[in-house]
Amino acid sequence: MTVIVLSGPIGAGKSSLTSILAEHLGTQAFYEGVDTNPILPLYYKDMKRYTFLLNTYLLNHRLAQINQAIQDKNSVSDRSIYEDALFFKMNVDNQIADPTEFKIYDSLLENMMEDTPGNPSKKPDLLIYIHVSLDTMLERIKKRGRSFEQLNTDPSLKDYYARLLKYYEPWYENYNASPKMEIDGNSLDFVVDEQAKRKVLDKIDQKLHEIGNL
Ligand SMILES: Nc1ncnc2c1ncn2[C@@H]1O[C@H](COP(=O)(O)OP(=O)(O)O)[C@@H](O)[C@H]1O
Ligand SMILES: Nc1ncnc2c1ncn2[C@H]1C[C@H](O)[C@@H](COP(=O)(O)O)O1
């Protein structure tokens with residue numbers, strides 16, 4: 001019935017906070033399934049060729065998850081469906097992806113997410129954005145160690161990550177599909193620091209009370 005979605009750049013801590021929050025609330029966590037995504041490694045090797053396919057794959061995957069997640073209260077999902085368009089648009093702006101393909105994708109997304117009479121809304125009830133700096137992002141990507149995301153696999157990824165971060169701030173400012181809140185992922189080490197974890201969970205609980213979901 002209600003869904004909380006995490007958002008933020010690669011390595012911001014979305015998956016980590018998803019499991020912490022779902023455990024805290026006693027609800028179900030939904031993950032992106034990076035290890036089972038057959039397109040992602042291909043995308044990192046050839047973004048021009050695979051942007052459309054990756055985003056079509058992700059749209060299908062995320063919609064299937066949303067349909068499951070909305071059946072329970074306060075399900076937690078580790079990335080919003082809306083961020084894919086941010087990646088796609090960034091690739092269009094950098095001549096990596098085709099503008100017509102983006103238009104088709106974006107209108108498909110809009111149609112899929114539109115509220116229709118008699119059906120439950122697929123929109124989230126709360127979006128939690130984890131803000132991180134480029135240094136934090138790079139450090140966490142390195143710490144997690146997925147091979148295709150590493151700078152020593154492809155040094156040009158540093159520019160890609162820096163660009164991505166620049167798209168995130170205005171994206172979050174303009175996001176209006178649901179209530180939203182921001183967590184400082186630079187200073188709050190909610191993965192190992194119990195006090196930081198408490199602080200983050202208190203802030204989220206407060207917001208959930210505010211919007212009537214707790
Ligand atoms: N707030 C945090 N403080 C310290 N380390 C973190 C924090 N959030 C995530 N990490 C670590 O950074 C890496 C990436 O986190 P992850 O949750 O997988 O990010 P995302 O899902 O946003 O890509 C993991 O190794 C995780 O343990
Ligand atoms: N829409 C997307 N386009 C390109 N790359 C994407 C998209 N969605 C996710 N990704 C990539 C970014 C990371 O390498 C992995 C998983 O994201 P994470 O932020 O680590 O959860 O998929």
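Remember, it's 1-based here, ligands and their atoms both numbered in the order they're listed. Owing to the predicted nature of the structure, the values given are computational and were not obtained by experimental measurement. The residues of the chain are indexed from 1 along the displayed sequence.
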Notebook entry, point to check: Any idea which part of Leu17 is under 4.0 Å from ligand 1, heavy-atom wise: side chain, backbone, both or neither?
Noted result: neither
Checklist line | Minimum side-chain heavy-atom gap Arg198-Gln195 below 4.5 Å | finding: no
Under 3.5 Å, N/O to N/O: give me all the pairs between ligand 2 and the protein, one per line with atom names and distance.
unit_1   : atom_1 : unit_2 : atom_2 : d
ligand 2 : 1 (N)  : Asn55  : OD1    : 2.8
ligand 2 : 1 (N)  : Asp84  : OD1    : 2.8
ligand 2 : 8 (N)  : Asp84  : OD1    : 3.4
ligand 2 : 14 (O) : Tyr44  : OH     : 2.6
ligand 2 : 14 (O) : Glu149 : OE2    : 2.5
ligand 2 : 17 (O) : Glu32  : OE1    : 3.3
ligand 2 : 17 (O) : Arg79  : NH2    : 3.0
ligand 2 : 19 (O) : Lys14  : NZ     : 2.6
ligand 2 : 19 (O) : Arg79  : NH2    : 2.4
ligand 2 : 20 (O) : Arg144 : NH1    : 3.2
ligand 2 : 20 (O) : Arg144 : NH2    : 3.2
ligand 2 : 20 (O) : Arg146 : NH1    : 3.0
ligand 2 : 21 (O) : Glu32  : OE1    : 2.4

Checklist line | Sub-3.5 Å N/O-N/O distance, Asp78 and ligand 1 | finding: no
Item checked: Numbering as shown, the atoms of ligand 1 that approach Leu188 to under 4.0 Å (heavy-atom distance) -> 1 (N), 2 (C)
Notebook entry, point to check: Where the closest heavy atom to atom 21 (O) of ligand 1 is concerned, which of Ser15, Gly145, Ala196 has it?
Noted result: Ser15
Note to self: Give the atom numbers and elements of ligand 1 that come within less than 4.0 Å of a heavy atom of Phe190.
What the structure shows: 1 (N), 8 (N)
Notebook entry, point to check: Do Phe52 and Tyr105 have ring centroids that are under 6.0 Å from one another?
Noted result: no
Check: What residue and atom, counting heavy atoms only, is the protein's closest point to atom 4 (C) of ligand 1, and at what distance?
Finding: Asp189 OD1, 3.0 Å
Notebook entry, point to check: For ligand 1, which atoms have a heavy atom of Ser16 less than 4.0 angstrom away?
Noted result: 9 (C), 15 (O), 16 (P), 17 (O), 26 (C)
Checklist line | SB check Glu32 Lys14 (cutoff 4.0 Å) | finding: no
Next item on the list: Among all protein heavy atoms, pick the one closest to atom 24 (C) of ligand 1 and tell me residue, atom and distance.
Entry: Arg144 CB, 4.3 Å
Check: If you measure from the Lys or Arg side-chain nitrogens to the Asp or Glu carboxylate oxygens, is any gap between Lys122 and Glu114 under 4.0 Å?
Finding: no
Item checked: Asp205 and His24 side chains, donor-acceptor separation under 3.5 Å -> yes
Check: Which pairs with one or both residues in residues 144-169 pass ring-ring contact (aromatic ring centres under 6.0 Å, His included), sequence neighbours excluded?
Finding: Tyr44-Phe148, Tyr168-Trp171
Item checked: Salt-bridge criterion met for Asp159 and Arg163 (N-O under 4.0 Å) -> no
Notebook entry, point to check: Salt-bridged, Asp93 to Lys89, with N to O below 4.0 Å?
Noted result: yes
Next item on the list: Give a yes or no on whether a salt bridge exists between Asp98 and Lys48, defined as a side-chain N under 4.0 angstrom from a carboxylate O.
Entry: no
Checklist line | Nearest-option assignment for atom 7 (C) of ligand 1, heavy atoms, candidates Val191, Val34, Ile141, Val200 | finding: Val191
Check: Run the salt bridge (charged side-chain N to carboxylate O under 4.0 Å, His left out) check on Arg79 and Asp84 step by step: do they pass?
Finding: CA-CA 9 Å; Arg79 192 194 277 280; Asp84 295 322; 5.3 Å; no
Next item on the list: Quickly, which of Tyr129, Tyr172, Tyr175 forms a ring-ring contact (aromatic ring centres under 6.0 Å, His included) with Tyr82? Name it, please.
Entry: Tyr175
Notebook entry, point to check: Can you list the atoms of ligand 1 that are under 4.0 Å from a heavy atom of Gly13?
Noted result: 8 (N), 9 (C), 15 (O), 16 (P), 17 (O), 19 (O), 20 (P), 22 (O)
Item checked: atom 12 (O) of ligand 1 - nearest protein heavy atom and its distance -> Arg140 CD, 2.9 Å
Next item on the list: Find all atoms of ligand 1 within a distance of less than 4.0 Å from any non-hydrogen atom belonging to Lys143, and give their numbers and elements.
Entry: 5 (N), 11 (C), 25 (O), 27 (O)
Next item on the list: Please confirm whether Gly11 comes within less than 3.5 Å of ligand 1 when only nitrogen or oxygen atoms on both sides are compared.
Entry: yes
Check: Is any NZ, NE, NH1 or NH2 atom of the basic residue among Glu139 and Lys142 found under 4.0 Å from an Asp or Glu carboxylate oxygen of the other?
Finding: no
